[in-house]
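Remarks on the structure that follows.
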Number of protein chains: 2
Amino acid sequence: MAELTLEDIAKQVGVSRSTVSRVVNGSPNVSPEVRLQVEEAIRITGFHPNAAARSLASQRTRVIGLVLPRSVSSFFTDPFFPQLTQGIAVGCNANDLSLSLFLVTNKEDEDKIMPRISRSGMLDGILVQSGRADDPLMERLTNSRIPCVVLGRPFNHDCFNYIDVDNVKAAYSATKHLIDLGYTRIATITGSHGSTVTLDRIEGYVNALTEAGFVVQPSLISKGEFSETSGYEAMKSLLPHKPDAVFIASDLMASGAIRALQDSGLHVPEDIALVGFDDIPLAALTKIRLTTIRQPITQIGSKGVELLIDLIENGSQPPRNFILDTELIVRDSCGAKLRQKK
Amino acid sequence: MAELTLEDIAKQVGVSRSTVSRVVNGSPNVSPEVRLQVEEAIRITGFHPNAAARSLASQRTRVIGLVLPRSVSSFFTDPFFPQLTQGIAVGCNANDLSLSLFLVTNKEDEDKIMPRISRSGMLDGILVQSGRADDPLMERLTNSRIPCVVLGRPFNHDCFNYIDVDNVKAAYSATKHLIDLGYTRIATITGSHGSTVTLDRIEGYVNALTEAGFVVQPSLISKGEFSETSGYEAMKSLLPHKPDAVFIASDLMASGAIRALQDSGLHVPEDIALVGFDDIPLAALTKIRLTTIRQPITQIGSKGVELLIDLIENGSQPPRNFILDTELIVRDSCGAKLRQKK
DNA sequence: TTACAGATTGAGAGCGCTCCCAAGAATGTC
DNA sequence: GACATTCTTGGGAGCGCTCTCAATCTGTAA
């Protein structure tokens, strides 16, 4: 069968195309009887308006894009992204939006995908995961006039609408927690170089140490890149400097760090205490349950969708941002329980 | 500035809309000089054809959907799905397709999403992750005429185009491996009830045992549901029956099982040997490196895209399927190395 | 010179919808 | 009863593209 059109339904009921369109779009200006008849016809035939025609006429597609830049390489290793995606999907479903996924894996992808994203009226708006500060994608995206919400604080943050958590504060409270427990050689394993997330978390770490009167030692700052393996390596490189506690910028890296410590015959938290970041499901399941900073990952996604919808409907001046709360989840890896007993 | 149209470019170069359209679509019937001029104008203006108008006129959207049914609840816990998604995304990028993601989280979602998927001409085709056998979504999808490729063998497999691995053979080889190593009380932890994946893997397990002359003991078959926690529980419930080896239907469940064994003071592989399934990155990183069946996850995705494109272009009769190869990756958890030494 | 094939181009008719405008029906007001 | 007001409805003009068909323009052979 050929696809049904508004016109077909109209003919069937004996009204005009316009009236059927009104019913479909929930316009109030239709008499109750006619509305009922039309609705019945739509139900029986299973008619559904053609999306392309709708978009063309209304200049709205009801599709938003989620862009994960090249610099976000850990989409399929770090549970953070699937969870974020899930949050976004839920937000889309709730608002009758479709979600287009743009996973940029290399330069060619970027060149191919960009025009599809920015022009061409195929998307009403986009959500971008903020990656590295110097990611050229961000600039290309700003240049295109499409409404855009950044997930995570972008570098030039006053030009963008974004959703983020207060990474400085979160990292501060993680580090402060370790200080309060009496550790004195507190190291950190950072996220990948050049992202605001990483910068902010380092800042929070430094703030807490400074405030407590500690000297920040570069040898106790080890660079990871959000992967399990990088956590392993970073921990290994930290060991010669004898830290007694480590704040680690992601739970995935923390699990790598734990592995490194096990390989070296060290115990958590007796020999070295750890605090992670994210509170991924794994964090509560490792043998040594991870003390960590819980991010409202799903909420970041749904809040992002919400803001984007508002932008699409009401314009985006001036740029807005929402900073969501984090929470310190105390489990075993920080040694809090151990120390209490003493 | 208002969005540019074909007509604008045409006017600028002094040709007709049709000619510009020909250039944009790479039609051969354009004189080289004109083509060059038009291309130049397009380049300078940054013109990009409107997707909605294109879809409307051509009845093609160059968008495919990825549907993850409600019964696939582990999208954001099991790395399998992100990796699959990645494979699909790469396939899409390579073929200039956009990917729409439909994460069905509950019944209302399904009702809202279905019409958007099946009619409305917003998708050229869909990829569906096969979930439970009785998933009503599958039927609804078949009824809609949209080209469709199932990832994983669907229940009524002769009605569908699908991509799968030979789960029976893979599970057979995993179990056989344990048998060959001399284990005699080989248990299994299955995937979630009612999926073909689970059924097939059980079948392979049973086949191997039967072939070796073992009696299949129901008490040695424990039901999981692909989550870490379910692996933990399943392993715990298996312990009273004293298995000496376990074939586990996913690596994620295997990591739960390892945790259960650690909690019980048992050692892998000395006390109990394990073989997992999937070969997720984690498998090589656990303290006891996991012997497992490697699935070509990314390839399943890209092959799915390939088949779907073919279906869209050339119709889908008769249904086709591709069965990809798996590979047994021998690491430490099966005790092979231990046994060699003896 | 005429004819004809082949290449190149343009015009026109949609694709199925939205949205504006005006016509007509129904209701209210004095 | 005449007029204004509101509600309901239909028609038409696009949205920006594709695709068919016919027109024009070459070049070549008769």
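Lettering of chains follows the sequences in order, A, B, ..., and the numbering in each one begins at 1.
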>> From CG of Asn50(A) over to C1' of dG16(C), roughly how many Å is that when rounded to an integer?
In response: 6 Å
>> Main chain of Leu103(B), side chain of Asn93(A): is a donor-acceptor contact present, judged purely on distance under 3.5 Å?
In response: yes
> Quick one: Leu6(B) CG to dG10(C) C1', roughly how many Å, whole number?
Replying inline: 14 Å
> Any idea which of dC17(C), dT18(D), dT18(C) is nearest the Ser58(A) side chain?
Replying inline: dT18(C)
> Separation of Lys11(B) atom NZ from dA11(C) atom P, in whole Å?
Replying inline: 12 Å
> Rounded to whole angstroms, how far apart are CG on Leu56(A) and C1' on dC15(D)?
Replying inline: 4 Å
>> Looking at Asn25(A), I'd like to know whether one of its side-chain N or O atoms comes within less than 4.0 Å of OP1 or OP2 on dT18(C).
In response: yes
> Nearest-Å distance, CG (Asp8(B)) to C1' (dC15(D))?
Replying inline: 13 Å
>> Quick check against the 3.5 Å criterion: does Ser58(A) have a side-chain atom that pairs as donor or acceptor with the backbone of Arg54(A)?
In response: yes
> Under 3.5 Å, side chain of Thr45(A) to main-chain N/O of Ala41(A), donor-acceptor pair present?
Replying inline: yes
> Arg62(A) side chain to Asn95(A) main-chain N or O, any donor-acceptor pair under 3.5 Å?
Replying inline: yes
>> Please report the distance, rounded to the nearest Å, between CD in Glu7(A) and P in dG16(C).
In response: 10 Å
>> Rounded to whole Å, please give me the gap between CZ in Arg60(B) and P in dC17(D).
In response: 18 Å
>> Using a 3.5 Å distance criterion without hydrogens, assess whether the side chain of Asn25(A) forms a donor-acceptor pair with backbone atoms of Ser21(A).
In response: yes
> Can you tell me how far P of dG16(C) sits from NE2 of His48(A), to the nearest Å?
Replying inline: 16 Å
Close N/O contacts between protein and nucleotides 6-11 of chain D (under 3.5 Å):
| unit_1 | atom_1 | unit_2 | atom_2 | d |
| --- | --- | --- | --- | --- |
| dT9(D) | OP1 | Ser31(A) | OG | 3.1 |
| dT9(D) | OP2 | Ser31(A) | N | 3.0 |
| dG10(D) | OP2 | Ser16(A) | N | 2.8 |
| dG10(D) | OP2 | Ser16(A) | OG | 3.1 |
| dG10(D) | OP2 | Thr19(A) | OG1 | 2.8 |
| dG10(D) | O6 | Arg22(A) | NH2 | 2.6 |
| dG11(D) | N7 | Ser18(A) | OG | 3.2 |
| dG11(D) | O6 | Ser18(A) | OG | 2.8 |

> Counting N and O atoms only, with roles assigned by atom type, does the side chain of Ser100(B) sit under 3.5 Å from a partner on the main chain of Ile64(B), one being a donor and the other an acceptor?
Replying inline: no
